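Being a predicted model, the structure only gives us computed values, none of them experimental.
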Amino acid sequence: MASADADADTNQPAPTLLLRDKAFVGKKPVRLTLTSTELYWMPQSRQGHAAGFVDLWTVLTAGVSQSKATAVDLLVVSRSSKDATPKVKTMPFVFATDERAEHWANAIVCTLAGVAIGETVVPRRLLVLVNPFSGKKKGQVVFRKQVKPLLDACSRRVVYTVVETERSGHAGSLVSETDLSTTDAIVTVSGDGLFHEVVNGLMSRQDWVTAIKIPLGIIPAGSGNGLAASVHTSQVLDSVLCVVHGHSRPLDLMSIRQPGQNIRYSHLSFTHGLIADIDIESERYRWAGAARFTFSGVGRIMNLRKYPGRLSFIPWNENEDLEEAHARPDGQAPELLYWQQNEGNWKVVESDFVMVTAMNLGWLSDDGFFGPFYDFADGAIDLMFTLGDRATSSKLLAGMSDQTTGNHIKTDWVSYLKVKAFRFETEGNRGIFNADGEVLPSLEVQVENHKGLARLLCPSWLELPTMPLAELPAGGINIPDLQTTASQPGSESPTQPKAADDAPPATSPPDALTTPQGAELKDNASPRTSEL
């Protein structure tokens with residue numbers, strides 16, 4: 001499996017001057033300059049402001065014109081003014097000789113591909129998975145009208161194989177079994193559900209350590225599209241440009257462990273209570289697209305539910321140098337850093353909960369900006385919860401608009417902090433447990449962040465977090481009085497094999513994670529069911 005073509009750092013270097021020459025734009029003689037980020041030109045007759053420029057982010061490719069050997073055709077994309085359909089425009093630049101035109105065409109393509117001028121550009125090989133049932137069942141249309149034409153125009157930079165998923169779980173099975181040695185990136189045309197399948201399919205492989213490092217991309221075609229919003233590519237055009245340019249960066253994943261269940265990995269969120277109820281109960285209105293969340297949300301807020309529960313967590317420290325997630329010596333699932341070490345400083349909240357939302361990214365949907373302090377690979381989970389004695393229907397209705405800006409964290413009914421790991425259980429295992437829009441069994445959960453475990457295709461210019469981390473108090477926002485435990489509140493592994501009848505009594509604390517009556521804790525035979 002090939003690695004990413006280019007790494008996107010959060011601090012971008014200044015543009016590098018690469019090439020200068022005289023050329024013609026139309027009939028105007030200009031001085032043409034190529035840098036690492038743009039192509040710009042000025043009139044030859046005077047110095048001053050550029051007469052024009054093109055941001056290389058909007059350029060698909062370049063090549064010598066078929067109609068004129070001394071001309072270079074630049075393919076530039078923009079959005080249609082009538083709809084979101086991308087428009088491709090050809091911009092010709094004429095040079096003095098055939099050789100100069102050829103040199104410039106190659107130089108531009110090399111710059112777009114992130115290699116030195118003169119090096120061979122090897123097309124990146126994409127596996128594109130299209131979900132025809134996502135959102136308003138528009139996955140096929142999005143791919144055919146908005147994605148395929150752009151990928152076809154970039155044949156010198158990318159080649160691709162398309163698979164249309166036929167059923168739930170198809171994508172996960174495909175990536176778990178397919179030879180990925182010739183795949184440079186996996187792209188989903190879907191909502192967050194298909195991306196979730198791909199992540200878990202890769203993590204179920206015996207070679208997951210290398211498989212999960214294949215850069216993953218998403219082209220939004222679902223109802224919520226939280227991942228695309230978090231990458232600032234809610235528009236299909238921007239997401240396709242991400243795929244074409246191939247910049248990637250590390251992405252944290254959360255592991256979710258429950259008694260007797262296979263390990264799940266989440267790229268987006270874990271939710272319980274209000275947010276989970278709205279997400280899952282609105283499925284019947286999928287035909288309405290993103291609007292389903294609004295009218296389902298109003299109905300649920302007016303009939304607010306409260307769940308007695310217990311939330312335990314280890315606060316995150318921004319000054320702590322966290323290591324990236326790594327494999328255990330036996331090649332099983334990523335090593336746990338907190339659940340097995342009986343590390344102290346666990347905090348506990350016992351109360352009635354209206355909602356518990358754990359975010360790996362900032363946006364849960366196009367208009368749900370719940371984690372304004374998020375980062376892709378800081379090793380932290382952004383944990384938000386609302387207690388029953390702080391929330392009323394009127395407060396929540398008034399705060400719905402704040403959730404599009406992140407200002408909900410300034411209300412008195414939201415508690416918000418960053419944690420490294422947490423455990424949540426409800427009385428009687430009540431309520432919907434939800435990961436990335438997928439329903440989990442209603443069982444207590446242990447969740448831990450794995451820093452930089454995956455890789456995500458994203459714009460090279462992306463800067464995070466949206467809100468300065470300095471604005472987040474060290475102890476969090478609106479955190480209630482906490483109990484502190486000397487060791488973890490539940491040290492028993494949720495996937496630990498069941499003790500034999502003659503085994504000595506367990507030494508775990510009495511509030512350790514337990515197995516529901518009649519259920520067995522699964523032994524560990526593969527990464528999918530790795531023991532803690």
Side-chain angles (χ1 to χ4, degrees), residues 1 60 77 79 83-86 88 123-155 157-180 182-202 204 211-212 214-231 233-246 248 267-268 283 286-287 289-290 365-366 436-438 454-458:
M1 283 162 285
L60 294 176
V77 291
R79 293 183 184 87
D83 54 37
T85 304
V88 179
R124 294 166 48 249
R125 298 156 297 184
L126 311 179
L127 173 60
V128 182
L129 304 174
V130 180
N131 180 4
F133 305 105
S134 62
K136 296 181 179 180
K137 298 184 178 181
K138 60 182 181 180
Q140 290 174 319
V141 176
V142 168
F143 178 76
R144 186 176 68 254
K145 290 187 176 182
Q146 301 186 53
V147 180
K148 187 177 185 299
L150 300 185
L151 295 182
D152 289 343
C154 298
S155 58
R157 299 178 60 195
V158 296
V159 293
Y160 62 94
T161 300
V162 181
V163 176
E164 190 173 291
T165 58
E166 300 173 355
R167 62 189 182 281
S168 176
H170 183 188
S173 298
L174 179 68
V175 300
S176 69
E177 300 166 357
T178 301
D179 177 9
L180 298 176
T182 59
T183 299
D184 296 318
I186 301 173
V187 180
T188 63
V189 183
S190 64
D192 288 299
L194 193 67
F195 194 94
H196 176 89
E197 275 191 34
V198 169
V199 166
N200 282 274
L202 294 174
S204 73
I212 197 61
I214 298 175
L216 306 176
I218 188 167
I219 294 171
S223 299
N225 302 315
L227 174 56
S230 297
V231 185
T233 58
S234 293
Q235 297 294 326
V236 171
L237 173 58
D238 291 326
S239 63
V240 175
L241 289 173
C242 272
V243 171
V244 169
H245 291 314
S248 71
H267 68 280
L268 185 62
E283 284 286 335
R286 181 171 283 273
W287 51 267
S365 63
D366 284 329
D436 301 346
E438 305 300 311
R455 295 203 67 85
L456 179 66
L457 293 172
C458 64

So CG of Leu60 and CG of Leu151: to nearest 0.5 Å the spacing works out to 9.0 Å

Item to complete: Could you tell me whether the side chain of Asp184 reaches within less than 4.5 Å of the side chain of Arg125, counting heavy atoms only?
Response: yes

CG (Leu194) and CD1 (Ile218) are apart, to the nearest 0.5 Å, by 8.0 Å

Quiz item: Are the side chains of Leu237 and Leu150 in touch, meaning some heavy atoms are under 4.5 Å apart?
Solution: yes

Taken to the nearest 0.5 Å, the spacing of Thr183 OG1 from Tyr160 OH works out to 15.5 Å

> How about Ser248 and Leu457: do any of their side-chain heavy atoms sit closer than 4.5 Å?
Replying inline: yes

Notebook entry, point to check: Does Asp366 use its side chain to pair, donor to acceptor, with the backbone of Ser234 at less than 3.5 Å?
Noted result: no

Sorted by chain and residue number, the ring-ring contact (aromatic ring centres under 6.0 Å, His included) partners of His196 (sequence neighbours excluded) come out as none

Correct closest heavy-atom pair for Gly139 and Val189 would be O-CG1, 3.9 Å

CZ of Arg455 to CD1 of Ile186, rounded to nearest 0.5 Å, is 14.0 Å

Nearest heavy-atom approach of Val130 to Gln140 is CG1-N, 4.1 Å

For Leu227, is there any backbone N or O sitting under 3.5 Å from a side-chain donor or acceptor partner on Asp192?
yes

**Asked** Side chains of Asn131 and Thr188: closer than 4.5 Å at any heavy-atom pair?
**Response** no

Rounded to the nearest 0.5 Å, the CD atom of Glu166 sits from the CZ atom of Phe133 at a distance of 8.5 Å

Correct closest heavy-atom pair for Thr233 and Cys242 would be CG2-SG, 3.6 Å

Note: Pro220 and Val142 closest approach over all heavy atoms is O-CG1, 4.4 Å

Is a side-chain donor or acceptor of Asn225 paired with a backbone partner of Gly222 at a separation under 3.5 angstrom? yes

Can you find a heavy atom in the side chain of Val240 that is under 4.5 Å from one in the side chain of Gln146?
no

In short, Pro149 meets Phe143 closest at the heavy-atom pair CD-O, 4.2 Å

- Query: Side-chain contact, heavy-atom cut-off 4.5 Å: Pro132 with Thr165?
  - Reply: yes

Only residue of Leu216, Val187, Leu127 satisfying side chain to side chain contact (heavy atoms under 4.5 Å, CB included) with Val198 is Leu216

Checking Ile219, Val147, Val231 against Ser239 for side chain to side chain contact (heavy atoms under 4.5 Å, CB included), the one that qualifies is Ile219

Heavy-atom nearest pair, Ala229 first then Ser365, reads CB-O, 4.0 Å

Between Glu197 (side chain) and Ala171 (backbone), is there a donor-acceptor pair under 3.5 Å?
-> yes

Stepwise side-chain contact (heavy atoms from CB on, under 4.5 Å) check, Val175 with Ile214:
CA-CA 11 Å; Val175 300; Ile214 298 175; over 6 Å; no

